[in-house]
There are 2 protein chains.
Amino acid sequence: MTESQIKQAGLKVTLPRMKILEILETGGEGEGARHLRAEDVYRILLTRGEVVGLATVYRVLTQFEAAGLVSRHNFEGGHAFFELERGTHHDHLVCIKCGRVVEFLDEAIEERQRAIAAEHGFTLEDHTLNILGLCPNCQAGQPRPS
Amino acid sequence: MTESQIKQAGLKVTLPRMKILEILETGGEGEGARHLRAEDVYRILLTRGEVVGLATVYRVLTQFEAAGLVSRHNFEGGHAFFELERGTHHDHLVCIKCGRVVEFLDEAIEERQRAIAAEHGFTLEDHTLNILGLCPNCQAGQPRPS
DNA sequence: CGCTAGTCGAGAAAGCTTCTCATTTACTTA
DNA sequence: TAAGTAAATGAGAAGCTTTCTCGACTAGCG
């Protein structure tokens, strides 16, 4: 079924694409690390002994984004995070110490944003809301190594 | 009074710093263009015949940010925008075509964010909310050249 | 099985930002 | 006011993320 997603996007089903999609699905190793930088994906591939160029990772992630399979987020600090698109919009709560990301959705905020765009005569194409703070672990002085 | 701000930050009052602060205050030329990239500041200085290195612009803006005189925003696209800090928090409505920026503040959204951070056990250190859309001019097919 | 367009990997290159370091400047002390 | 000192500057090199180039390779089709 992941194959069909790639095909629907008008892309050929190749090994690098399958591997990258799989890493985005599983987060590489443990749980929850589903917000990955391009270099994270590349490093995970290397760890597994897979030979995929960094340029290919960027290229494929960009293609996936264009195809709507993946969404790209610009948190603070110059590099983008990629996340598998699951059809449900959400915003992010980001720990400024360990980088942990929690997703949330608040309909009251969504509604206010629509109203604000309208008030100023803007169309609403997209939005990014990132709340930055310290997660419970990092407040306790025990940053978990992600 | 701008001098005193610089001094309070523990920085020496130098010509480059005064000039950069002045550009941030006036926006360089016309009205409203108060969200400038480092390179914009640099270019405006050049236009005025001032000799200030790009490295100095970056250095000074970073120092001003640390001192709370300036805030840095990462809208889409790899480069940061700097804005004079006027003590009042606000979020941004950004035109994805002409780059025009409108500031807004919505207390309902602010309140919901505090609640969301608390629900997840996060401290709330900061947040960035950028609404992306088309401004009235660009919807009309007449992008104003900023 | 062979063709062809699409894809890949590696390294070069681009764009933004930071670093290095010799020179210059602001502020302090006499 | 002159001199000394620590900080700041400017120019270019370097760093980082991301994109581009291009010859080699491969998926998908006939």
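Keep in mind that the numbers below use all heavy atoms, side chains included, and drop hydrogens, waters and symmetry copies. Note that the structure is a prediction, hence the values are computed from the model and not measured. Chain A is the first sequence line, chain B the second, and so forth, proteins listed ahead of strands; every chain is numbered from 1.
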Going by an N to O cut-off under 4.0 Å, is there a salt bridge joining A:K19 and A:E25? no
Give B:R59 one of three labels, base, sugar-phosphate or nothing, depending on what nucleic acid heavy atoms sit under 4.0 Å from its own. base
Is the shortest heavy-atom distance from the side chain of B:V60 to the side chain of B:V52 under 4.5 Å? no
Indicate whether the side chain of B:H89 and that of B:E110 have a donor and an acceptor atom separated by less than 3.5 Å. yes
For the residue pair A:H73 and A:E83, confirm or rule out a side-chain donor-acceptor distance under 3.5 Å. yes
With nearest nucleotides of DNA chain D determined for B:L11 and A:A55 from heavy-atom distances, which residue corresponds to the more 5′ nucleotide? B:L11
What orientation do A:F104 and B:H120 show, parallel under 30°, tilted 30 to 60°, or perpendicular over 60°? tilted
Ion pair present between B:R86 and B:E103, side-chain N to carboxylate O less than 4.0 angstrom? yes
Go through DNA chain C in 5' to 3' direction and return only the first and the last nucleotide with some atom under 4.0 Å of chain B's heavy atoms. C:dC16 to C:dC27
Quick one: closest heavy-atom pair of B:V57 and B:I20, and the distance? CA-CD1, 3.9 Å
I want to confirm an ordering. Mapping B:V13 and A:P16 to their closest nucleotides on DNA chain C, which one lands closer to the 5' end? A:P16
Is A:L54 reachable from A:M18 through a run of hydrophobic residues whose side-chain heavy atoms are each under 4.5 Å from the next? yes
Give, for atom CG of B:L61 and atom CZ of B:R17, the distance between the pair rounded to the nearest 0.5 Å. 11.5 Å
Outermost nucleotides of DNA chain D that come under 4.0 Å of a non-hydrogen atom of chain B: D:dA6 to D:dG12
Five pairs per end, C1' atoms only: what is the angle between the end axes of the helix from C:dC1-D:dG30 to C:dA30-D:dT1, to 10 degrees? 30°
By the 4.0 Å heavy-atom rule, please label B:T56 as base, sugar-phosphate, or nothing. base
Contact nearer the 5' end of DNA chain C, comparing B:K7 with B:T62: B:T62
Could you check if a side-chain atom of A:F75 sits within less than 4.5 angstrom of a side-chain atom of A:V101, using non-hydrogen atoms only? yes
Are B:Y58 and B:L46 in one and the same hydrophobic cluster, where Ile, Leu, Val, Met, Phe, Trp and Tyr link if side-chain heavy atoms are under 4.5 Å apart? yes
